[in-house]
Amino acid sequence: MTGTQVDPPDTTVVPADRRSWRGWLLNGLSERSARHPGPHGTPPAEHKGHRWWRVMCLTGVDYFSTLGYQPGIAALAAGLLSPLATLVLIALTLGGALPVYRRVAKESPNGEGSIAMLERLLPWWAGKIFVLVLLGFAATDFMITITLSAADASAHVVENPFAPDFLHGSNLWITLALVAALGAVFLKGFKEAIGIAVSLVGVYLALNLVVLATAVWKIATEPVVIGDWWDAMTAEHSSPLAMIGVSLLVFPKLALGMSGFETGVAVMPQIEGDASDTRAKPAGRVRDTRKLLTTAALIMSGFLLVSSLATTILIPAAEFKAGGGANGRALAFLAHQNLGEGFGTVYDISTIAILWFAGASATAGLLNLVPRYLPRYGMAPEWTRAVRPLILIFTAIAFFITWWFDADVDAQSGAYATGVLVLMLSASFASTVAVHRRGRRVAALGFGVITAVFAYTLVTNVIERPDGIKIALLFIVGIVVSSFASRVHRAFELRATAVTFDECAARFVDEAARSGPLRIIANEPQEHSTREYRAKEYSQREETHIPDGRPVLFLEVFIQNSSDFTTELTVHGDEKHGVRRLRVEGAVVPNTIAAVMMELRDRTGEVPHAYFNWTEGHPLSHLLRFLVFGDGEVAPVTREVLRRAEPDLSLRPRVHVG
C-alpha cells in the first residue's frame, strides 16, 4: 500500500458477475475485511513507509487548507481583535493540542488515535457505546471537512474575476459538483495520495508565502495602516485587559484552525520510522510522528498569525461579511488586490485544489474509522465491508449537509469546530489518564488543565453555535442504531477467529476420538464436586441416549466479555472430579460451543455430538440475555449458529437436548 490506499482487497467472495452493477459495487467484499484496519492501518510487509515530512503533507491538505477560510472566519468572529484572538488560538495549539497529540502518538502508535486510548478505559458495553459516540463526533469532523472545504473552494471559483457570469450565485451547485467529483475519484480507486499531497501543499504554502510577504511589505512601507488599525481597536475597547478578555471569549469560534491533529496520528503507520521498529515498540515512528506534529503546528501557527494581521489591517471589515469579496477567501482577496488578477487566479486554482483534496483526506479518514472499529464490534452492516457502498453513503450525506447549509462556509464552521473540539477533548482527557496511571502528577495536572480549556471551548462553541451538536447527534444516532441492528443481525455467526487446543485438551480429544464420534456434554461451569459431575453425566446419558460405554468430554465456557464480537479461542484440558473437561473463555456461550464443535469435526474427521439441557424461562428474556450477557437459551442458539455455519446437514455437528 502506498499513500492512502483505500482500494478494495483482492480476495473476493462475491459471486455476482463483475460486469453487473452489483458485482462492481461489492467488488472486493472479503470475509477478512471485517478485521481490515482501514486505509491508514498497518501497511503490508512490502510497504516501506514514507519520510515523515511527506506524510505531513498528507495531513497538511486538511490542516494547511484552513488558511483558505480561517482568516475570514477570525475577522468575522473577532473583528479588529482578530490577531489577538489568533494569538490565543496559537497558544492553545502549541501549548495544548500539540503536547496532547505528541502523547497520543506514544500511547497509540499504530494509528488507532485517541479513540482507542479511551476504549481501553471503559469495560464491557460502556466502552463500546462510548466509542460509538466518539465516532459520531469524528464523522461530524470529517464530513464537515468535506462539505466546508468544497464550499470554500466554490467561493474561490465564483469570486475569481475570470469566472463566467453564469457561475455567479451557483455556489451550491459548484459545491455539489466538487463533492460528487471527490466521490467519483474514490469509486474509481484512490491509489496514490502522498505524492499528490506533497505537490499541492508545497505549491500552496509557497503561494501563501508570496501573498503574505507582499502584504507584510505593504504594511511596512505604509505604517499608517498599522496606526489606523491600532487607533480603531483602542477606540472600540477601553483597555488592554478588555481586549484580552474579548479575545478569550471569541477564540472558540476560531477553533477549526486546530483541525488536522487527529488525522496526523491516524496516518502514523505510513511513516517509515527506524529499521529496528516493531509493532510493539515503534520508537522511530513515534519520534518521526512527533516531528510531523510539531513541524505542522509551527508552520500553521506562523501562517495563521501573519495572515490574521495582514487581512485585518489591509481588508475593510465590510468585505468579510456575507457577499463581500473577502468572505471565506481573505488571502485570495489580498492575492488579487496586491499581485494582480493573473497571480490571484493561480492562487485561486491552488486553493481550490487543496481545499478539494482536503475532502479526500477526510474521506480517507472516514474509510479508516469504519473498518477499524465497527466490524470488530460486529456493528457494521454487510455493505461496510466494501469500499464503494461506503463512498456512496458518505457522498449522499455530504450532499445533504451541503444542501442544508446552502454551501455556506460560515454556517458550517460551528459544526466543524464541534467535531474538532470533541476529538481534542477526548485526546486530552485520555492523555491525562495515561500519565496519571504512570504516576506523573505534574504532567497529569498539565494535561488536566488542557482538558479543562478544551471543555470550556467546546461548551462555549456549542452554546453559541448549536448546529454542530445537532449534526453530531444525527451522526451518533445513525451510527448507534445501524450498529446495534448489525450486531443483532450478525449475532448468529461463529465469531471465532481461531480455535486452538492446549496439549492436554488435544490428548483428551484424540483419545476419545478412537472410540468413534466425539460425545460432548455442554456444562455450566458451576459444578464443583464429583457427585455433581456424575449426576450430570448420568442424566445426559438417560435423557439424550448417549451410547453406553462411549467416553464423554465436558465442555465448559467462561464468558470473558460479552460485548466483544470476535475472539481467539484457546481450549484448555484438565481432569478433575473424575471427568475430563475442555474449558474455554469466549464472548458468548452458544457461538463459542459451535466454534469448538466445528474445530473438533475438522480435527477428528467425524461429526461430533453435543448434549444440552433445556433452560427454563421466557424465550424473549433468554434472547435478550444472549444478546447482552452472552448466555440465555444455549441449545437452540448453538444449533442455529451451526446451521448457518454449515449448510450441509451431513457435515453439521449434532445437537441433542434433553
Side-chain angles (χ1 to χ4, degrees), residues 64-91 93-94 152 155-156 159-162 201-237 239-240 243-244 246-247 250-251 254 257 297-321 323-352 354:
F64 300 141
S65 68
T66 57
L67 287 170
Y69 47 83
Q70 173 71 9
I73 291 176
L76 281 176
L80 296 172
L81 291 176
S82 175
L84 293 180
T86 301
L87 273 176
V88 176
L89 176 67
I90 291 171
T93 297
L94 299 179
D152 193 48
H156 284 77
E159 294 296 332
N160 186 276
F162 299 115
V201 168
V203 171
Y204 183 67
L205 291 182
L207 292 174
N208 273 283
L209 192 61
V210 173
V211 172
L212 292 176
T214 303
V216 169
W217 176 256
K218 184 172 182 179
I219 293 173
T221 55
E222 300 177 16
V224 66
V225 295
I226 300 179
D228 292 342
W229 164 66
W230 184 261
D231 292 341
M233 185 172 59
T234 52
E236 187 175 314
H237 303 281
S239 69
M243 296 179 191
I244 295 173
V246 173
S247 298
V250 302
F251 101 91
L254 282 62
L298 290 173
I299 291 173
M300 189 61 175
S301 296
F303 273 101
L304 281 176
L305 180 58
V306 178
S307 64
S308 178
L309 281 167
T311 54
T312 303
I313 294 173
L314 296 178
I315 300 177
E319 296 289 350
F320 291 109
K321 298 179 180 179
N327 182 254
R329 55 186 303 275
L331 291 179
F333 184 90
L334 289 181
H336 284 273
Q337 177 179 273
N338 297 335
L339 294 165
E341 304 298 358
F343 182 91
T345 299
V346 173
Y347 183 86
D348 282 342
I349 293 172
S350 175
T351 304
I352 292 167
I354 196 169

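Values below: all heavy atoms of this structure, side chains included; hydrogens, waters and symmetry mates excluded.
What you find for Ala330 and Gly72 is that their closest heavy atoms are CB-N, 4.0 Å. Counting all heavy atoms, side chain and backbone alike, Phe333 lies closest to Ala326 at CD1-N, 3.9 Å. For Ile219 against Ala310, the heavy-atom pair with the smallest separation is CD1-CA, 4.1 Å. The minimum heavy-atom distance between Gln337 and Leu314, with the atom names listed, is NE2-O, 4.1 Å. Of all non-hydrogen atoms in Phe303 and Leu209, the two that sit nearest each other are CE2-N, 3.9 Å. When all heavy atoms are compared, the tightest approach of Val210 to Leu339 is CG1-CD1, 4.0 Å.
Note that the CD1 atom of Ile354 and the CD1 atom of Ile349 stand 14.5 Å from one another [nearest 0.5 Å]. Rounding to the nearest 0.5 Å gives a distance of 8.5 Å between CG of Leu309 and CD1 of Ile226. A distance of 10.0 Å separates CG in Asn338 from CZ in Phe343, rounded to the nearest 0.5 Å. Atom CG of Leu81 and atom CG of Leu87 lie 11.0 Å apart (nearest 0.5 Å). For the atom pair CD (Glu341) and OH (Tyr347), the distance works out to 14.5 Å, reported to the nearest 0.5 Å. In this structure, CG on Leu305 lies 7.0 Å from OG1 on Thr86, to the nearest 0.5 angstrom.
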Report task. Applying side chain to side chain contact (heavy atoms under 4.5 Å, CB included), run through Thr351 and Leu331 and close with a yes or a no. Result -> CA-CA 10 Å; Thr351 304; Leu331 291 179; over 6 Å; no
Report task. Give the intermediate values and the outcome of side chain to side chain contact (heavy atoms under 4.5 Å, CB included) for residues Thr345 and His336. Result -> CA-CA 8 Å; Thr345 299; His336 284 273; 4.2 Å; yes
Report task. Let me see the working for Asp348 and Glu159 under side chain to side chain contact (heavy atoms under 4.5 Å, CB included), right down to the final yes or no. Result -> CA-CA 9 Å; Asp348 282 342; Glu159 294 296 332; over 6 Å; no
Requested in this report: Take Met300 and Thr66 through the side chain to side chain contact (heavy atoms under 4.5 Å, CB included) test and state the conclusion after the steps.
Outcome: CA-CA 9 Å; Met300 189 61 175; Thr66 57; 2.6 Å; yes
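In this structure, a donor-acceptor pair under 3.5 Å is present between the side chains of Ser82 and Ser308.
For Ser350, there are no side chain to side chain donor-acceptor pair (under 3.5 Å) partners two or more places apart in sequence or in a different chain.
Residues Phe320 and Thr311 form a side-chain contact, since some pair of their non-hydrogen atoms from C-beta on lies under 4.5 Å apart. Contact annotation: the side chain of Asp228 never approaches that of Met233 to less than 4.5 Å [non-hydrogen atoms, C-beta and beyond]. At least one side-chain heavy atom of Glu222 sits under 4.5 Å from a side-chain heavy atom of Val225.
The backbone N or O of Thr312 sits nowhere less than 3.5 Å from a side-chain atom of Trp229 that would complete a donor-acceptor pair.
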